[in-house]
There are 6 protein chains.
Amino acid sequence: MERPRYFEDYELDEVRHTHGRTISETDFVVHAGHTGDFFPHHMDAEFMKTTPFGQRIAHGTMIFAIGIGLTASEINPHAFTYGYDRLRFPKPVFIGDTIHTVLTVSALLPDPKRPGKGIVTESCRVMNQRGETVMACDHLLLADCRPA
Amino acid sequence: MERPRYFEDYELDEVRHTHGRTISETDFVVHAGHTGDFFPHHMDAEFMKTTPFGQRIAHGTMIFAIGIGLTASEINPHAFTYGYDRLRFPKPVFIGDTIHTVLTVSALLPDPKRPGKGIVTESCRVMNQRGETVMACDHLLLADCRPA
Amino acid sequence: MERPRYFEDYELDEVRHTHGRTISETDFVVHAGHTGDFFPHHMDAEFMKTTPFGQRIAHGTMIFAIGIGLTASEINPHAFTYGYDRLRFPKPVFIGDTIHTVLTVSALLPDPKRPGKGIVTESCRVMNQRGETVMACDHLLLADCRPA
Amino acid sequence: MERPRYFEDYELDEVRHTHGRTISETDFVVHAGHTGDFFPHHMDAEFMKTTPFGQRIAHGTMIFAIGIGLTASEINPHAFTYGYDRLRFPKPVFIGDTIHTVLTVSALLPDPKRPGKGIVTESCRVMNQRGETVMACDHLLLADCRPA
Amino acid sequence: MERPRYFEDYELDEVRHTHGRTISETDFVVHAGHTGDFFPHHMDAEFMKTTPFGQRIAHGTMIFAIGIGLTASEINPHAFTYGYDRLRFPKPVFIGDTIHTVLTVSALLPDPKRPGKGIVTESCRVMNQRGETVMACDHLLLADCRPA
Amino acid sequence: MERPRYFEDYELDEVRHTHGRTISETDFVVHAGHTGDFFPHHMDAEFMKTTPFGQRIAHGTMIFAIGIGLTASEINPHAFTYGYDRLRFPKPVFIGDTIHTVLTVSALLPDPKRPGKGIVTESCRVMNQRGETVMACDHLLLADCRPA
């Protein structure tokens with residue numbers, strides 16, 4: 001649903017938790033087919049038995065796409081994505097893991113180049129059912145300042 | 001196919017171009033369904049006619065997933081992804097655009113924390129058929145140094 | 001295949017059984033992606049462990065779409081769907097259940113508004129492998145009467 | 001997101017509009033593959049040129065699944081679907097049409113069989129970009145009454 | 001539906017025509033994702049503009065899979081596929097073409113190695129909307145002889 | 001990646017092994033949906049329990065499409081597929097099996113009808129994780145002879 005917010009409406013340290021989603025073998029197969037990345041790390045259970053992981057691991061690009069997708073429940077018409085920084089995957093995601101995303105507003109800065117805009121930094125952490133962080137990044141939003 | 005390369009085998013400024021891929025309406029629909037992000041920017045042609053874009057625009061997460069997926073044609077068993085930095089989307093991707101990815105080795109640094117490893121920075125640029133950059137990021141690879 | 005039948009060719013209480021189909025986790029994921037309904041009841045195995053169901057349950061709309069889809073093996077060029085009445089879901093469908101549909105002609109009435117047409121009511125019951133009804137509805141068909 | 005509401009919190013005639021979604025050829029193909037219904041009305045453009053429709057028409061089950069799916073933006077933990085009544089498809093949906101759903105609370109009745117529960121009837125109308133109703137039904141919700 | 005037939009029930013030169021199906025861009029994308037074959041002939045519209053085809057052409061494996069799939073409308077419990085011979089693709093299939101399959105029983109031979117079985121050869125031709133053959137093969141079925 | 005080879009560059013008995021891929025229930029469901037073949041052999045686990053197989057078996061057309069798809073890692077601009085001969089499925093593929101393809105150049109013949117072309121026969125064998133051949137065929141390639 002729509003939730004209009006100006007730059008001034010964001011508060012430092014505000015936190016939002018998404019619903020959870022169980023990552024299935026289907027997601028692995030769909031992501032391989034969507035991206036064309038059929039590397040055996042994601043697709044060959046026999047090969048992965050011979051590695052320390054012991055089983056197939058999710059594509060990083062999938063955890064990013066689904067982890068960010070989980071946050072897409074409210075639309076702010078006054079903001080749009082500027083980019084993402086420091087995207088990291090500290091732990092693997094396995095078939096059957098359940099992930100959710102925690103968003104924390106970690107910085108609020110006026111945009112030095114665009115008058116009337118501010119940069120909202122949302123720290124994104126994707127967590128699994130064991131409370132481990134499996135992905136982290138900073139989501140940069142460009143938000144309109146409230147009209148004078 | 002497999003192409004084993006040690007940290008020392010990478011060369012600064014070496015460039016790789018991927019094949020191209022036409023981004024279809026199907027990719028939009030598959031990505032929405034894969035991620036759960038059905039925002040009208042990607043899914044509502046009537047709404048988008050009322051915006052400056054004039055038509056639906058691709059999810060940033062899709063251009064990232066497919067743009068990186070295009071590079072997945074050779075496996076280096078001596079390297080793995082550490083993360084991505086400065087992910088940006090300077091231009092929108094529309095239905096029917098054809099993209100490919102250009103990888104340039106832009107930095108080669110020993111890993112200060114992990115002896116025997118080096119950090120390869122691949123600058124990734126996803127280009128459309130008009131020669132415009134629609135996505136850019138730095139891909140950080142952790143590569144084994146050649147055994148002494 | 002085509003099987004032309006006029007209104008007069010239907011018989012009260014005639015019964016048709018479809019083939020069976022095992023409902024997989026894939027179907028859950030595809031249906032969520034197709035409809036945009038990622039509610040945790042269907043997608044979050046951890047959450048569902050905390051409920052009386054103990055596991056994910058299928059979308060009602062999926063059991064309807066697949067249950068009716070199972071009947072789509074013969075085309076009658078003299079009839080088309082008018083609508084569905086009293087659609088109910090008395091039992092949940094879990095991943096791994098196998099369903100089939102039983103159609104019974106339960107009413108045959110001349111169409112009061114459309115001369116030359118009759119209304120065929122097919123009572124649809126979707127059953128699981130334990131013999132339980134998991135979905136029921138009345139399918140209303142508008143069929144041409146046999147030309148004089 | 002979650003929005004807890006008791007039976008008493010619903011108001012007669014309250015209305016909710018969903019976002020829009022453009023129905024693509026992809027949706028037709030995905031739905032056929034999901035349900036197994038490959039009838040030529042949905043899948044054979046050449047055949048449909050010979051009919052009054054002139055082009056492929058959407059599966060009714062798809063418009064139901066997507067039309068209801070569009071409403072799945074807020075979860076009420078105090079209510080669940082009891083069923084659907086009088087599902088009708090007054091107009092066809094073509095490839096490229098954009099639909100949204102309008103929900104109106106049209107009846108609020110205590111449940112005669114289940115003390116402490118009420119039945120909320122949401123009248124659902126799926127509309128296209130020309131303002132035509134392409135699907136209508138009554139969605140019956142069983143909602144908890146507010147604890148005394 | 002089921003249609004039991006013994007070897008003796010097949011007749012030389014009997015012909016069956018399937019329904020038609022329009023091959024969409026979605027089918028191209030799904031097939032690439034299903035098989036991992038993202039060759040530019042199927043996926044890169046810009047590249048194909050530079051070739052004599054002028055546009056993307058379907059994977060041969062897709063025309064085989066869909067062309068044979070179109071025949072899967074009746075199950076014979078007394079026969080199963082032994083293999084396929086002389087699979088050829090005399091013409092390309094483009095996005096938007098509508099195909100159907102014509103099956104002709106072209107040979108009926110007792111199985112020299114398996115007493116009580118016969119080999120039914122079905123000549124399969126996949127045709128497009130211009131009446132051109134886009135795929136041909138011989139489908140070999142092993143069928144039970146009628147019990148004495 | 002591209003690997004240009006003329007007819008003269010192929011050597012008799014040269015062998016290529018592909019990566020492996022685990023065939024999942026998702027692949028079964030995707031293939032049924034892609035082709036429209038929902039026969040209970042592939043889709044009904046309860047029915048298959050009553051057969052000697054004991055479980056669902058893969059579509060032959062899927063093993064062909066994926067088995068050949070696994071070989072699509074290098075493009076030879078001087079060759080294209082002429083057809084396939086003697087396609088056989090000696091063993092079933094079950095959900096969870098991991099397959100790879102072995103290609104052996106088994107014949108190299110000048111094309112009698114097309115001067116300047118040669119026919120390369122690649123014997124394709126799809127193997128499972130138990131070393132069994134689950135599919136075999138001859139892939140015929142038409143390759144340009146090296147310009148004089």
Side-chain angles (χ1 to χ4, degrees), chain B residues 1-2 16-35 38 42-43 45 55-56 58-59 61-75 91-103 124-135, chain E residues 19-70 72 89 91-101 126 128-129 134-135:
Chain B
M1 299 286 82
E2 198 157 289
R16 186 156 68 95
H17 291 75
T18 70
H19 284 296
R21 178 166 160 191
T22 301
I23 300 299
S24 63
E25 189 181 46
T26 304
D27 296 303
F28 277 55
V29 174
V30 167
H31 195 77
H34 183 43
T35 63
F38 286 78
H42 317 303
M43 302 302 282
Q55 57 177 303
R56 288 164 284 175
H59 300 73
T61 51
M62 179 169 80
I63 300 311
F64 178 67
I66 293 182
I68 297 299
L70 281 167
T71 71
S73 59
E74 49 182 50
I75 299 176
K91 293 265 185 184
V93 174
F94 300 117
I95 293 171
D97 281 354
T98 297
I99 62 173
H100 70 281
T101 304
V102 182
L103 298 174
C124 301
R125 281 167 56 214
V126 178
M127 319 283 294
N128 67 17
Q129 75 277 17
R130 290 178 296 276
E132 299 165 330
T133 299
V134 296
M135 192 200 93
Chain E
H19 284 294
R21 179 165 158 191
T22 301
I23 301 300
S24 63
E25 189 181 46
T26 304
D27 295 304
F28 277 54
V29 174
V30 167
H31 195 77
H34 184 42
T35 63
D37 178 347
F38 286 78
F39 275 8
H41 313 75
H42 318 302
M43 302 302 283
D44 184 339
E46 297 294 324
F47 166 73
M48 291 307 286
K49 284 182 193 165
T50 70
T51 72
F53 293 113
Q55 58 177 301
R56 287 164 284 175
I57 57 171
H59 300 73
T61 51
M62 179 168 81
I63 299 311
F64 177 67
I66 292 181
I68 297 299
L70 281 167
F89 304 96
K91 292 265 184 185
V93 174
F94 300 116
I95 293 171
D97 281 355
T98 296
I99 63 173
H100 70 282
T101 303
V126 179
N128 67 18
Q129 75 277 17
V134 295
M135 192 198 93

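Note on naming: letters A, B, ... go to the chains in the order of the sequence lines (proteins, then strands), and numbering restarts at 1 for each one.
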Interatomic distance, NE2@B:His100 vs CD@E:Glu46, rounded to 0.5 Å, equals 11.5 Å
Separation of E:Glu25 CD from B:Ile95 CD1 (nearest 0.5 Å): 9.0 Å
Contacting moiety of E:Phe38, where chain B heavy atoms sit under 4.5 Å: side chain
Could you measure the distance from the OG1 atom of B:Thr98 to the CZ atom of E:Phe47? Nearest 0.5 Å is fine. 12.0 Å
Quick one: pull up OG1 in B:Thr22 and CD in E:Gln55 and give me the separation to the nearest 0.5 Å. 12.0 Å
Quick check for you: among E:Ala32, E:Gly33, E:Pro40, E:Ser24, which has the greatest number of heavy-atom pairs under 4.5 Å with chain B? E:Pro40
Here's a test for you: under side chain to side chain contact (heavy atoms under 4.5 Å, CB included), which of B:Thr26, B:Ile23, B:Val29 qualifies with E:Val29? B:Thr26
